[in-house]
2 protein chains.
Amino acid sequence: MPGPDQLGPAPRNRLLASLPPDDLARLLARFEPVELPLRRVLLGADQEIDAVYFPETCMISMIAALDGGDAAEVGLVGREGMVGIPLLLGSDRSPTEAMCQGSGIALRLSTSAFREEMDRSLVLRTTLLRYAQAFLEQVTQTAACNGRHLLEQRLARWMLMAHDRAEGDAFQMTHEFLAMMLGVRRAGISVAAGTLQKAGLIRYERGRMLIADRPGLEHASCECYGVVRRAYDRLVGPP
Amino acid sequence: MPGPDQLGPAPRNRLLASLPPDDLARLLARFEPVELPLRRVLLGADQEIDAVYFPETCMISMIAALDGGDAAEVGLVGREGMVGIPLLLGSDRSPTEAMCQGSGIALRLSTSAFREEMDRSLVLRTTLLRYAQAFLEQVTQTAACNGRHLLEQRLARWMLMAHDRAEGDAFQMTHEFLAMMLGVRRAGISVAAGTLQKAGLIRYERGRMLIADRPGLEHASCECYGVVRRAYDRLVGPP
DNA sequence: GCCCGGCCGTACGGAACCGGACCGACACGT
DNA sequence: ACGTGTCGGTCCGGTTCCGTACGGCCGGGC
């Protein structure tokens, strides 16, 4: 029987951290830690899923492609989640692209190994299904939010979600990419971000952004941030 | 051993129809058929789920409430699906409201009975989880679609989705309700619907709408309709 | 040192849609 | 026959955001 000292450091991923020791140990033995660079694509849109990923220190965007080259971010995944929900629900391909938006470490598990572990452990299935529900609620809120709330509010919401999933107060991000993810022009982001910066809520320069006043930012955001945040706290557990 | 003649008519619900005979028989014995009138609310937003519903001839909207009294439809459920996904994923409450948009029959199963049957049957779990993935893809596409596609295209898309889930070419629907579901003004719907009617794609009068030219409507819609339709065909099976 | 590419500020006409409002048409109950 | 409530057509000024464009700034490579 392995003691806790043989398990290595506790995982920073909240889903893994909530598992019982023996389930966790089995998984940790099969994980491959991978360093994900910015913009790395983990899953292509409509392609077969070859592995699932549990973020430890990275941040992943789930992006739906529209024809005409447009794209839209529908969800953000960090330590509170995993990439590969379709596999969990019985599909072998992802309709959305998974792209790294914050470089860092993730724990990788091949599709076949993931299926074996899912078959073996009830608590793993239960935990991950509850996460799937939380993610569904995130996408649901995003659907309702898009087009109804002002760009400035949605930008504030995105900054808060990224802050929850990033390592510190700062992260690499350009207006160009934010524009793609929020489905607006780059110039629109420049204006909205400029307003938030003048208000002292954020700061940024050449591809780097940081949160300066988190309570103020929460006030500037639409209610969607809080709704999704509470859903995660309830279904996955508080950070 | 009960023969097929004791099962009654085959269910029109596609999820139930795809189950093996013995699983189906067990469920049918516990279902309570209910007649759902227009605008009946099956699940309140953020309330506990007391039962799940499998539509036979009705059509249900899943609606996210926003503060300020706004609301937004994020999914539509008909014979291809069920109402009560959160229960399936391990949550006991629904973040969205479920409201009847097309009156008809649904098969009702209490939460406790549903949990028992889920524990008992692997094939039931598998089937319903695949549906949950299809529904997630619908919500995902809706999130991407909102705000990026023109109202006229989104309206065409909604008409097609409703057509797939309605009994015939016509259904009761007012501009007022369409406006709420698509998150626009009632006057906006009147203009867009007027355009579609002038083009000969739909017809309507005082709370009744009907599809007049389905291929034409598919052409007028954004690609989101086809994307979601194919996802359902792949994950739930063709109608 | 100079050029080039990535990144951000800004501007302007126009499209889509909002918020509010008014009116006519129809259905229904009395 | 009449009032009442629902439904849909239309109009107006105003706002958000688009599409496009130009220019400035910074960092890195030759």
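Letters go in sequence order (proteins before strands), and every chain restarts at 1. All values below come from the heavy atoms of this structure, side chains included, with hydrogens, waters and symmetry mates left out.
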* To do: Assert yes or no for the condition that the ring centre distance of His175(B) to Tyr204(B) is strictly below 6.0 Å.
  => yes

* Candidate nucleotides dC18(C), dC8(C), dT10(D), ranked by approach to the side chain of Ser190(B) - the nearest -> dT10(D)

* Asked: Which nucleotide in the list dC18(C), dT20(D), dT10(C) gets nearest to the side chain of Arg185(B)?
  -> dC18(C)

Kindly give the atom pairs (protein nitrogen or oxygen, nucleotide nitrogen or oxygen) under 3.5 Å for nucleotides 21-30 of chain C.
unit_1	atom_1	unit_2	atom_2	d
dC26(C)	O2	Arg206(B)	NH2	3.3

Rounded to whole angstroms, how far apart are [atom1] on [X] and [atom2] on [N]?
| X | N | atom1 | atom2 | value |
| --- | --- | --- | --- | --- |
| Arg203(B) | dG8(D) | CZ | P | 16 Å |
| Met180(B) | dC18(C) | CE | P | 15 Å |
| Gln197(B) | dC7(D) | CD | C1' | 14 Å |
| Glu205(B) | dC7(D) | CD | C1' | 12 Å |
| Tyr204(A) | dC26(D) | OH | P | 15 Å |
| Leu196(A) | dC8(C) | CG | P | 14 Å |
| Ile189(B) | dT10(D) | CD1 | C1' | 16 Å |
| Glu176(B) | dG9(D) | CD | C1' | 14 Å |

* Asked: Does a side-chain N-to-carboxylate-O contact under 4.0 Å join Glu56(B) and Arg79(B)?
  -> no

* Asked: Is the closest basic N to carboxylate O distance between Asp50(A) and Arg108(A) below 4.0 Å?
  -> yes

* Identify, with sequence neighbours excluded, every residue that meets ring-ring contact (aromatic ring centres under 6.0 Å, His included) alongside Phe31(A). => Phe54(A)

* Asked: Gly207(A) near the nucleic acid: base, sugar-phosphate alone, or nothing, with a heavy-atom cut-off under 4.0 Å?
  -> sugar-phosphate

* Validate the cation-pi geometry between Arg234(A) and Tyr131(A): distance from NZ or CZ to the six-membered ring centre under 6.0 Å, angle to the ring axis within 45°. => no

* Geometric cation-pi criterion, Arg39(A) with Phe177(A): 6.0 Å, 45° -> yes

* Asked: Should His175(B) be listed as having a side-chain N or O under 4.0 Å from OP1 or OP2 of dG9(D)?
  -> yes

* To do: Evaluate the side-chain proximity of Gln138(B) to Met62(B): yes if any heavy-atom separation is below 4.5 Å, no if none is.
  => no

* To do: Check DNA chain D against residues 139-155 of chain B and give the residues with a non-hydrogen atom under 4.0 Å, in numerical order.
  => none

* Asked: Between the side chains of Asp164(B) and Tyr225(B), does any donor sit under 3.5 Å from an acceptor?
  -> yes

* Hey, could you give me the CG/CG distance between Leu155(B) and Leu217(B), rounded to the nearest 0.5 Å? => 8.0 Å

